[in-house]
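Take a look at the structure set out below.
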There are 2 protein chains.
Amino acid sequence: MNIGQASDASGVTAKMIRYYEEIGLIRPMGRSGNNYRVYGEDEVHILRFIKRARSLGFSLEETETLLKLWQDKSRESAAVKDVATAHIADLERRIAEMQGMLKTLKHLAHCCGGDHRPNCPILDDLAGSAPGKMSPEPKKTKQPA
Amino acid sequence: MNIGQASDASGVTAKMIRYYEEIGLIRPMGRSGNNYRVYGEDEVHILRFIKRARSLGFSLEETETLLKLWQDKSRESAAVKDVATAHIADLERRIAEMQGMLKTLKHLAHCCGGDHRPNCPILDDLAGSAPGKMSPEPKKTKQPA
DNA sequence: TGTGGGGCTTCCCATCATGGGAAGGTCAAG
DNA sequence: CTTGACCTTCCCATGATGGGAAGCCCCACA
């Protein structure tokens, strides 16, 4: 199987397959006489594993860990669960962050007329809010001339 | 005011202030005799605007649009609301996507013993799921020798 | 046997927003 | 004069992916 077939069979683009090989996520493939990479069912299975992990939001680094655990028949499922749990926490944090933005934006959009007049509470909010840091500690900054 | 002061006053790092100038988000600042950038209250206000827009998840491109609308006193609030509404939709889409991942992961984690045994439904899912594309159309691929 | 076209190779660049750090100029205080 | 904090520009890295060029390889068809 050439890289194109492996791509079709796994759903991972040829570009990405080569990249995964380059960064060491998958082993360098054997080459046929014409210098084409040669794939078998095992490799396609691995690529599908990667594809699925990515679709669940695991980073390539996490995916690598999971891949090694998958191939380690003597793994402890606790190790896998730890990776998943950490990722769950990360997803929850990011979702909460975005929901915070969403809530604010929806409120602002609700308050905005959205008409021909220039008056706009959205811009008022962007313009008038507090800076990132109000001044927790004056920060011994040197005043220039 | 030098860039450090502007940074402290706006919450935008000096690095980012220079970058924003480089990509044309903010105008090149005047320089003092020593070639240092010089900032006033107006610039700090603009930087705070950018900071706030970024904290609400607007891209720099969207932020640029909002900044221009802010400075255009004859804007129509509908234009602002359009940008916000599109961003809201984008946030909702991304949140939904992550919630989908979350739901699946929580289920898998729940089903995983997380103990010393190797048996793990999380890995089973990653290994056994369908590929990205099952075969909607066989895709006239040429079979190599 | 020649040609066309598709697949494969490598290599470089772009994205998006940000940070890190080096090398060197400037300035004020001690 | 030294020290140290500040500023300058320039280059590189991140994470995961796509785009595209230049150049082989090989098969099918005329």
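Below, each value reflects all heavy atoms present in this structure, side chains not excepted, and no hydrogens, waters or symmetry copies. Please read all numbers here as calculations on a predicted model, not as lab measurements.
Regarding contacts with the backbone of C:dC8, every side-chain N or O of A:R31 stays at 4.0 angstrom or more from both OP1 and OP2. Phosphate proximity of D:dG15 to A:Y19: absent, as no side-chain N or O sits under 4.0 Å from OP1 or OP2. The side chain of B:T13 places an N or O atom within less than 4.0 Å of a non-bridging phosphate oxygen (OP1 or OP2) of C:dG19. Dashed line: the shortest gap from a side-chain N or O of A:Y36 to OP1 or OP2 of D:dC26 is not under 4.0 Å. Regarding contacts with the backbone of D:dT8, a side-chain N or O of B:R37 is found under 4.0 angstrom from either OP1 or OP2.
Following rounding to the nearest Å, B:K15 (NZ) and C:dA17 (C1') show an atom-to-atom distance of 13 Å. The separation between B:E64 atom CD and C:dA17 atom C1' is 15 Å, rounded to whole Å. Residue A:Q5 contributes atom CD, which lies 15 Å from atom P of C:dG6 at whole-angstrom precision. Note: CD (A:E22) to P (D:dG15) measures 14 Å, nearest angstrom. If you measure from atom CZ of B:F58 to atom C1' of C:dA17, you get 17 Å, rounded to the nearest angstrom. One can place CD of A:E61 at 14 Å from P of D:dT17, the figure rounded to the nearest angstrom. The CD atom of B:E21 sits 12 Å away from the C1' atom of D:dT8 (whole-angstrom rounding).
Salt-bridge annotation for A:R94 and A:D90: present, with a side-chain N of the basic residue lying under 4.0 Å from a carboxylate O of the acidic one. A salt bridge is defined here as a Lys NZ or Arg NE, NH1 or NH2 lying under 4.0 Å from an Asp or Glu carboxylate O, and A:E21 with A:R37 meets this definition.
Contacts of A:R18 with the nucleic acid, taken as non-hydrogen atoms under 4.0 Å apart, include base atoms.
Side-chain atoms of B:N2 and B:Y39, non-hydrogen and from C-beta on, never get closer than 4.5 Å to each other. For the pair A:I122 and B:V83, the minimum side-chain heavy-atom distance is 4.5 Å or more.
Residues A:R54 and B:N35 both approach DNA chain D. Their nearest nucleotides, taken by heavy-atom distance, put B:N35 toward the 5′ side. Of the two residues contacting DNA chain C, namely B:N34 and B:L60, the nearest-nucleotide position lying further toward the 5' end is that of B:L60.
Aromatic ring orientation, A:W70 versus A:F49: parallel (interplanar angle below 30°, classes split at 30° and 60°).
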